[in-house]
2 protein chains.
Amino acid sequence: MSPIAKIKTDGSTEEKIKDAARKLFMQKGFEATKTRDIANEAGINLALLNYYFRSKEKLFEIIVKENMGQFMEIISNIVNNEKTTIQDKVEALVANYIDMLTQFPDMPLFIMNSIKVDPERIKIRQRFSGSYFMKQINEAIKAGKIAPMNPMNIMLNIVGLTIFPFVARPMFLNKGGITIEEFGTLMQERKKLIPGWIKSMLEAKK
Amino acid sequence: MSPIAKIKTDGSTEEKIKDAARKLFMQKGFEATKTRDIANEAGINLALLNYYFRSKEKLFEIIVKENMGQFMEIISNIVNNEKTTIQDKVEALVANYIDMLTQFPDMPLFIMNSIKVDPERIKIRQRFSGSYFMKQINEAIKAGKIAPMNPMNIMLNIVGLTIFPFVARPMFLNKGGITIEEFGTLMQERKKLIPGWIKSMLEAKK
DNA sequence: GTCTATAATTCGATAGAC
DNA sequence: GTCTATCGAATTATAGAC
């Protein structure tokens, strides 16, 4: 089981600290999260944080790496499946991301910020470009089955349509906006709509 | 002229501080930006920051407000024009955003983070939902001219397709990725592509 | 492993001279 | 208006007892 998916922990002190850190880092970012907050949230003593993780920075690196791993794992499995069609993969990507982000809505902004601070941290792009999915796309373009375009657009559109609403989520939930439940419903609707939109994009003749 | 568009300043100390603050806050966020960094960047003394702006927080609020203003101004003018069609508005929104973000690529992440910390800061959503644009959309849906759907999806798709690449930009520019120039070219291509994609979305029958 | 107490540093802000 | 010097609070990290 991937680290972030495990809500219930084994109750060890180390896990308690990591869970608290994950929650707070995602909510407020690295700088705004204080070691004291993490200790309080975890219900442990401040000194234990350094005992287990040596420093706030090291703890942060661990959390980031685990989140990245979660993100990449989803992508890799779907994108390198040689038995599914392009459209199957789009549906799977969209559905999996929306399900994960519904559970951890702060993740996209957290990851984007982490990448900005240290761009070497992640290789999502490479994960896409070297994939079987991209091979399928390129062949389909060559065969004239989908509109000719820079394949990066396809990746940007799938990910953008899926993830952006979660990045913009705080904008919707403020006073006078929609409720968390309504937002969730909208995302479930989009789970079905996005693949159709992508399909019509791929088919569009210019 | 809107504040953020003015790169060349009048050279006053106040402007020098604001320019330095704008640059650093956008690059690194509020917490990670130190008042000493701002003073250095501006080439002035640390004490002057407080002399002009009283506190780091107040300075930040000013920068955020100016950026938000820039964003909203673009939207409002386009979205409330009663003489243009839906498709005209989509083209104008996409083109204006891409041009602005090409100049200030850090802005989306900065604004998203600012909204997350204080969701009351911005009313982009209301700007959309009360607009003439939305009236046109709703009428077109009623008339059966575009596919029936929650209009929020249309807004999310326009903004998501346009802005998301800039949020994800750091991911593309790292080692082994594409150059800044190639990214710029890709965005210019998207300026032409996105309106077509939106069009086919609106027309798609389910 | 866990705690208390504290060292060491950083940072925002201000006092006061010019 | 601008600078130097410094205060005071907050924060990370550690020493040392249990």
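The chains referred to below are lettered A, B, ... by the order of the sequence lines, with proteins before strands, and numbering in each begins at 1. The structure presented is a predicted model; accordingly, all values stated were derived computationally and were not measured.
Summarising the geometry, the separation between CD on B/E14 and P on D/dG1 is reported as 9 Å, rounded to the nearest angstrom. Put simply, CD on B/E31 is 14 Å from C1' on C/dT10, counting in whole angstrom units. Rounded to an integer number of Å, the gap from CG of A/N40 to P of D/dT11 is 12 Å.
At least one side-chain nitrogen or oxygen of A/T13 sits closer than 4.0 Å to the OP1 or OP2 atom of C/dT2.
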Could you pull out all donor-acceptor pairs under 3.5 Å where a side-chain atom in residues 146-167 of chain A meets a protein atom, sequence neighbours excluded?
residue: A/N150; atom: OD1; partner: A/M152; partner atom: N; Å: 3.0
residue: A/N153; atom: OD1; partner: B/R190; partner atom: NH1; Å: 2.8
residue: A/N153; atom: ND2; partner: A/N150; partner atom: O; Å: 3.4
residue: A/N157; atom: OD1; partner: B/R190; partner atom: NH1; Å: 3.0
residue: A/N157; atom: OD1; partner: B/R190; partner atom: NH2; Å: 2.8
residue: A/N157; atom: ND2; partner: A/N153; partner atom: O; Å: 3.4
residue: A/T162; atom: OG1; partner: A/I158; partner atom: O; Å: 2.7

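With sequence neighbours excluded, the residues satisfying side chain to side chain contact (heavy atoms under 4.5 Å, CB included) with A/N81 are A/K83, A/T84. Shown here are the salt bridge (charged side-chain N to carboxylate O under 4.0 Å, His left out) partners of B/D99, two or more places apart in sequence or in another chain: B/K191. Looking at residues two or more places apart in sequence or on another chain, you find no salt bridge (charged side-chain N to carboxylate O under 4.0 Å, His left out) involving A/D88. The ring pair (Phe, Tyr, Trp, His ring centres under 6.0 Å) test applied to B/F53 returns no partner, not counting sequence neighbours.
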I'd like a list of close polar pairs between nucleotides 13-18 of chain C and the protein, N/O only, cut-off under 3.5 Å.
residue: C/dA13; atom: OP2; partner: B/K56; partner atom: N; Å: 2.8

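Between B/Q27 and A/K116, the shortest heavy-atom distance links the atoms O-NZ, 2.9 Å.
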